[in-house]
2 protein chains.
Amino acid sequence: MSKQGDEERVLAQLAEVVGCCEPLAREPLSAQQSIELSRVFKAMGDPVRLRLLSLIASHVGGEACVCDLTDVFDLAAPTISHHLKVLREAGLITGERRGTWVYYRVRPELLATVSAVLVPGTAEETLPVVEA
Amino acid sequence: MSKQGDEERVLAQLAEVVGCCEPLAREPLSAQQSIELSRVFKAMGDPVRLRLLSLIASHVGGEACVCDLTDVFDLAAPTISHHLKVLREAGLITGERRGTWVYYRVRPELLATVSAVLVPGTAEETLPVVEA
DNA sequence: TCCTTGGTTCGACACATGTCAAGGTAGATG
DNA sequence: CATCTACCTTGACATGTGTCGAACCAAGGA
């Protein structure tokens, strides 16, 4: 929330380093690229955070306040807050305070970037896969 | 290699629990789904492992032996071996011994599954319709 | 002003993880 | 068999990470 600038920087850096849609199997990642990308995957490499992400993404209006999220887990509030911070610093979600509550929403563009890195089929031909 | 059965089990379990291509934003992940999925992301949440993955995926013939991989990093052989094991146990790669060397290749179907979970409408045709 | 509710930060703890040296296994070649 | 190469496993260590209680901040009422 207060680190909106950091979120933007992270996202910009990822986009710059990874490129728009460079599939993983086309050419090996550089050390720098792998560091940037692994940040996102590491943020998603926790069951609680993955579930938080899907809870936010699938919530009505595309956003959810923290009070909508805490009840789902058997975890203390600081723990949820910590996980949300990790997701935020990875550029996967953004937080905004409106009155008493803080609302989070996902960054679909980052999910799309990551998805495109994984599979080559998104843009055009690449591998001799079973083609229609 | 010696745990080929485990690799199959992991992949089957992931396919069963996650489903074929259920996007993250459609409905919230269950606790079980998030646990299975987070295993894969956690395996990719390390720069060395991500780079290993891309090195294997982009290598000629779609496979690479360990000797092709160790020289790229400033890491001892046991460390590389450890990371390869993590990738293997996550179902992302398979290892096969042929003579003196051990060759690794990626499982594109798992990458496609993960990619499809992230973004709706991604790479559905590349999914191999995993059956039991 | 004080109190209540929603969220975060801090500090501390137990546990997980990345790393390497040493030792072990599998196969090829004498 | 002996030995060399390629690769893995073990054991140990330092660092990183998830968790929570306590304290703190922000906003909206009495």
Side-chain angles (χ1 to χ4, degrees), chain A residues 1-4 6-7 31 34-35 38-53 55-56 59 63-90 92-105, chain B residues 1-4 6-7 31 34-35 38-53 55-56 59 63-90 92-105:
Chain A
M1 290 171 314
S2 51
K3 304 275 184 56
Q4 203 77 22
D6 281 357
E7 298 170 5
S34 61
I35 290 174
S38 67
R39 272 199 246 276
V40 182
F41 286 120
K42 184 180 292 187
M44 291 194 286
D46 180 279
V48 175
R49 287 198 290 269
L50 252 192
R51 226 171 151 204
L52 282 172
L53 203 60
L55 282 168
I56 296 170
H59 203 265
E63 65 180 9
C65 84
V66 183
C67 55
D68 295 326
L69 305 170
T70 37
D71 300 341
V72 179
F73 305 90
D74 277 337
L75 293 172
T79 302
I80 301 295
S81 200
H82 161 69
H83 285 304
L84 288 172
K85 185 179 183 181
V86 172
L87 288 173
R88 211 167 8 113
E89 290 179 346
L92 284 164
I93 60 175
T94 62
E96 180 200 0
R97 169 160 227 138
R98 290 207 299 277
T100 309
W101 298 276
V102 176
Y103 293 88
Y104 284 97
R105 31 178 73 244
Chain B
M1 295 161 309
S2 51
K3 304 275 183 56
Q4 202 78 21
D6 281 356
E7 297 171 5
S34 61
I35 290 174
S38 67
R39 272 200 246 274
V40 181
F41 286 121
K42 184 181 292 189
M44 290 194 286
D46 181 279
V48 176
R49 287 198 290 267
L50 253 192
R51 224 170 153 205
L52 282 172
L53 203 59
L55 281 169
I56 296 171
H59 204 265
E63 64 181 10
C65 81
V66 183
C67 56
D68 295 325
L69 305 170
T70 36
D71 300 340
V72 179
F73 305 91
D74 277 337
L75 293 171
T79 303
I80 301 295
S81 200
H82 161 69
H83 285 304
L84 288 171
K85 185 179 184 182
V86 172
L87 288 173
R88 206 163 18 100
E89 290 179 343
L92 284 163
I93 61 174
T94 62
E96 180 200 1
R97 170 160 226 138
R98 288 206 299 275
T100 309
W101 298 274
V102 176
Y103 293 89
Y104 285 96
R105 31 178 73 243

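Fair warning: this is a prediction, and the values are worked out from it, not measured in the lab. Each chain gets a letter, A, B and so on, in the order its sequence line appears, and its residues count up from 1.
Taking atom CD of residue B/E96 and atom C1' of nucleotide D/dA6, one finds them 16 Å apart after rounding to whole Å. When the P atom of D/dG18 is taken as reference, atom NZ of A/K85 falls 13 Å away, rounded to whole Å. Taking atom CZ of residue B/R39 and atom P of nucleotide C/dA16, one finds them 13 Å apart after rounding to whole Å. The nearest whole Å value for the distance from the CG atom in B/L87 to the C1' atom in C/dG18 is 14 Å. Distance CG (A/L52) to P (C/dT8): 11 Å, rounded to an integer number of Å. The separation between A/W101 atom CH2 and D/dG29 atom C1' is 12 Å, rounded to whole Å. For the pair B/D46 CG and C/dA16 C1', the interatomic distance rounds to 13 Å; values are reported in whole Å. Residue B/F41 contributes atom CZ, which lies 18 Å from atom P of D/dT17 at whole-angstrom precision.
Atom-to-atom distance recorded for B/I56:CD1 and B/E63:CD is 10.5 Å, nearest 0.5 angstrom. Expressed to the nearest 0.5 Å, how far CG of A/L92 lies from CG of A/L87 amounts to 6.0 Å.
Applying the side chain to side chain contact (heavy atoms under 4.5 Å, CB included) test to B/T100 and every residue at least two apart in sequence or in another chain returns nothing. In this structure, the side chain to side chain contact (heavy atoms under 4.5 Å, CB included) partners of A/S38, at least two apart in sequence or on a different chain, are B/P47, B/L50. For B/H83, the side chain to side chain contact (heavy atoms under 4.5 Å, CB included) criterion is met by B/D46, B/V48, B/R49, B/L52, B/T79, not counting sequence neighbours.
A close approach under 4.0 Å does occur between a side-chain nitrogen or oxygen of A/K42 and OP1 or OP2 of D/dT17. Close to D/dC8, at under 4.0 Å from its OP1 or OP2, lies a side-chain N or O of B/Y104. Remark: A/H83 is in phosphate contact with D/dT19, judged by side-chain N or O atoms under 4.0 Å from OP1 or OP2.
The heavy-atom pair separating B/S34 from B/A31 by the smallest distance is OG-O, 2.7 Å.
Side chains of B/R88 and B/Y104 form a contact here, defined as non-hydrogen atoms less than 4.5 Å apart. Here the side chains of B/L55 and B/D68 are not in contact, with every heavy-atom distance at 4.5 Å or above.
Listed by residue number, A/C65, A/V66, A/C67 are the residues of residues 63-71 of chain A with a heavy-atom contact under 4.0 Å to DNA chain C.
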Detail all sub-3.5 Å separations between protein N/O atoms and N/O atoms belonging to nucleotides 20-26 of chain D.
{"unit_1": "D/dC20", "atom_1": "OP2", "unit_2": "A/A76", "atom_2": "N", "d": "2.9"}
{"unit_1": "D/dC20", "atom_1": "OP2", "unit_2": "A/T79", "atom_2": "OG1", "d": "2.7"}

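As judged by a 4.0 angstrom heavy-atom cut-off over every strand, A/R98 is placed among residues making no nucleic acid contact.
Within a 6.0 Å radius of CG in A/D74, other residues, nucleotides and ligands contribute 12 heavy atoms or fewer.
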